[in-house]
Amino acid sequence: MSVKDFEKVMQRLEGHGDNVYLHIKGEPLLHPNFEEILALCKAYNKKIHITTNGTLLDRRGEVILKNSAVRLLSISLQSFEATDDEEAYIRYLDKVLSVVKKGLEETDILFGLRLWNFEDATLVAKGKTQRTLDYIESYLGLSGPITITDPKTNGLKLAHKVYISKGYEFDWPSMSHDLVAKEGTCYGLRRQIGILSTGEVVPCCLDAEGVITLGNILESDFEAIVMSPQSVRIRTGFENNRLVEPLCQRCDYRERFV
């Protein structure tokens, strides 16, 4: 999305929500105008939440730390863990954790370390995942070992302003997947909406391909989009434990922290 279009989105979102999450399946730190995007969020009084794989934090870390509008930096550590190059993985962790450590010392930013790579819902740490937890403990000088035993853990506090969340690997919802359920609920269109780089509005951040297109915020008022008959039908369905859209019926992510 161009900086011009992003500002237009910010203008149309005025009065609607306090938080902007800079991700829908993409890597926000790759945006060529990343610093300008952050500055616009701050200018329009939005709190910034960033989810990144962390590989570009050596180049973008300072920009993030100096922007007081950044509330949360979430780093998906599982993105790099699969490498067989142990030295490269340690360099990656050093790069990530150096930014976290500096941020903890100099800013009010919250940091979330994600390990969403467990093989199943039991979420038992072993092998490289446990070594990662041990490395985090040592690097950040934590008071004790990081032990994760509760399979429902989401946002375990490690220290002041730093958290770790775990999860099993999941598939992004797709119309090619089998039906999961017709009953259920979701935060989509209730606590969040998604806006793709084209300006297309979707119910949540998991509809990365724009399967459920509600309108285009670059062409229409935000209120008209979220109060359209389709939007109301989806939202009312969630409120009554019904999944009315075929894509929602093929999504199991909403069950992740139930």
Side-chain angles (χ1 to χ4, degrees), residues 1-28 30-34 36-51 69-72 74 170 172-177 179-257:
M1 182 180 287
S2 69
V3 173
K4 180 180 178 181
D5 282 349
F6 188 85
E7 181 161 22
K8 190 172 184 178
V9 171
M10 290 294 96
Q11 291 169 348
R12 294 198 166 176
L13 287 178
E14 282 203 272
H16 300 285
D18 301 319
N19 302 281
V20 172
Y21 292 72
L22 297 176
H23 72 275
I24 294 188
K25 204 175 184 178
E27 171 51 58
L30 278 172
H31 198 291
N33 305 108
F34 180 70
E36 294 172 73
I37 295 293
L38 295 189
L40 280 171
C41 290
K42 182 176 180 179
Y44 283 88
N45 298 311
K46 300 295 186 185
K47 297 173 185 175
I48 305 167
H49 298 242
I50 300 169
T51 298
V70 177
R71 181 179 184 274
L72 172 67
S74 296
F170 73 98
W172 287 76
S174 169
M175 290 301 295
S176 64
H177 292 172
L179 189 78
V180 175
K182 290 188 176 182
E183 294 183 348
T185 189
C186 181
Y187 291 139
L189 279 171
R190 300 169 69 193
R191 292 177 58 183
Q192 63 164 286
I193 53 98
I195 301 174
L196 306 183
S197 60
T198 58
E200 298 291 338
V201 177
V202 293
C204 77
C205 63
L206 290 174
D207 187 3
E209 306 303 325
V211 174
I212 310 172
T213 300
L214 305 172
N216 193 305
I217 197 170
L218 299 175
E219 301 168 358
S220 304
D221 290 333
F222 180 68
E223 294 93 336
I225 294 172
V226 295
M227 293 306 297
S228 70
Q230 183 185 14
S231 296
V232 171
R233 184 174 63 91
I234 295 170
R235 185 164 55 248
T236 301
F238 290 149
E239 291 169 352
N240 290 280
N241 203 44
R242 290 186 294 108
L243 307 174
V244 301
E245 288 286 340
L247 183 68
C248 301
Q249 296 171 1
R250 290 162 173 78
C251 175
D252 62 2
Y253 181 85
R254 59 190 169 72
E255 299 176 341
R256 191 182 187 93
F257 301 119

Check your understanding: Which atom pair, heavy atoms only, marks the closest approach of G188 to F238?
Key -> O-CD1, 3.3 Å
Revision key, fill the gap. Heavy atoms of P28 and I50 approach each other most closely as CG-CG2, 4.0 Å
Check your understanding: What's the verdict on side chain to side chain contact (heavy atoms under 4.5 Å, CB included) for D252 and H177, showing C-alpha distance, side-chain angles and the deciding distance?
Key -> CA-CA 10 Å; D252 62 2; H177 292 172; over 6 Å; no
Check your understanding: Going from CD1 on I48 to CD1 on I37, what distance comes out if it is rounded to the nearest 0.5 angstrom?
Key -> 10.0 Å
**Study point:** Sequence neighbours excluded - ring-ring contact (aromatic ring centres under 6.0 Å, His included) pairs with any residue from residues 186-212
**Key:** none
Check your understanding: How long is the span from the CH2 atom in W172 to the NZ atom in K25, to the nearest 0.5 Å?
Key -> 6.0 Å
Side-chain donor-acceptor pairs under 3.5 Å in residues 197-211, sequence neighbours left out?
from: T198; atom 1: OG1; to: E200; atom 2: N; distance (Å): 3.4
from: E200; atom 1: OE2; to: N216; atom 2: ND2; distance (Å): 3.2
from: D207; atom 1: OD1; to: G210; atom 2: N; distance (Å): 3.1
from: D207; atom 1: OD1; to: V211; atom 2: N; distance (Å): 2.8
from: D207; atom 1: OD2; to: V211; atom 2: N; distance (Å): 3.2
from: D207; atom 1: OD2; to: I212; atom 2: N; distance (Å): 2.7

Exercise for review: Measure the CD1-OG1 distance between I225 and T213 for me, rounded to the nearest 0.5 Å.
Suggested key: 10.5 Å
Check your understanding: Do I193 and L214 come close enough that some side-chain heavy atom pair is under 4.5 Å?
Key -> no
Review point. Side chains of E245 and R233: does their closest heavy-atom pair fall under 4.5 Å?
Key: yes
Check your understanding: How about M175 and L247: do any of their side-chain heavy atoms sit closer than 4.5 Å?
Key -> yes
Exercise for review: Starting at CG of L72, measure out to OG1 of T51 and round the result to the nearest 0.5 Å.
Suggested key: 7.0 Å
**Study point:** Worked check of side chain to side chain contact (heavy atoms under 4.5 Å, CB included) between E36 and H31
**Key:** CA-CA 10 Å; E36 294 172 73; H31 198 291; over 6 Å; no
Practice item. Would you check if the side chain of E183 reaches a backbone N or O of N241 as a donor-acceptor pair within less than 3.5 Å? Key: no
Check your understanding: Is there a donor-acceptor contact under 3.5 Å from the side chain of R71 to the main chain of K47?
Key -> no
Review point. What distance separates F34 CZ from E27 CD, expressed to the nearest 0.5 Å?
Key: 8.5 Å
Review point. Does some side-chain heavy atom of I195 sit less than 4.5 Å from a side-chain heavy atom of L13?
Key: yes
Residues 1-9, side-chain donor-acceptor partners within the protein, below 3.5 Å, at least two apart:
from: S2; atom 1: OG; to: D5; atom 2: N; distance (Å): 3.0
from: E7; atom 1: OE2; to: Y44; atom 2: OH; distance (Å): 2.9
from: K8; atom 1: NZ; to: L218; atom 2: O; distance (Å): 3.0

**Study point:** Closest non-hydrogen atom pair between K46 and H16, with its separation
**Key:** NZ-O, 3.4 Å
Point to revise | Minimum-distance pair of heavy atoms, taken over all atoms of V20 and M10 | key: CG2-CE, 3.9 Å
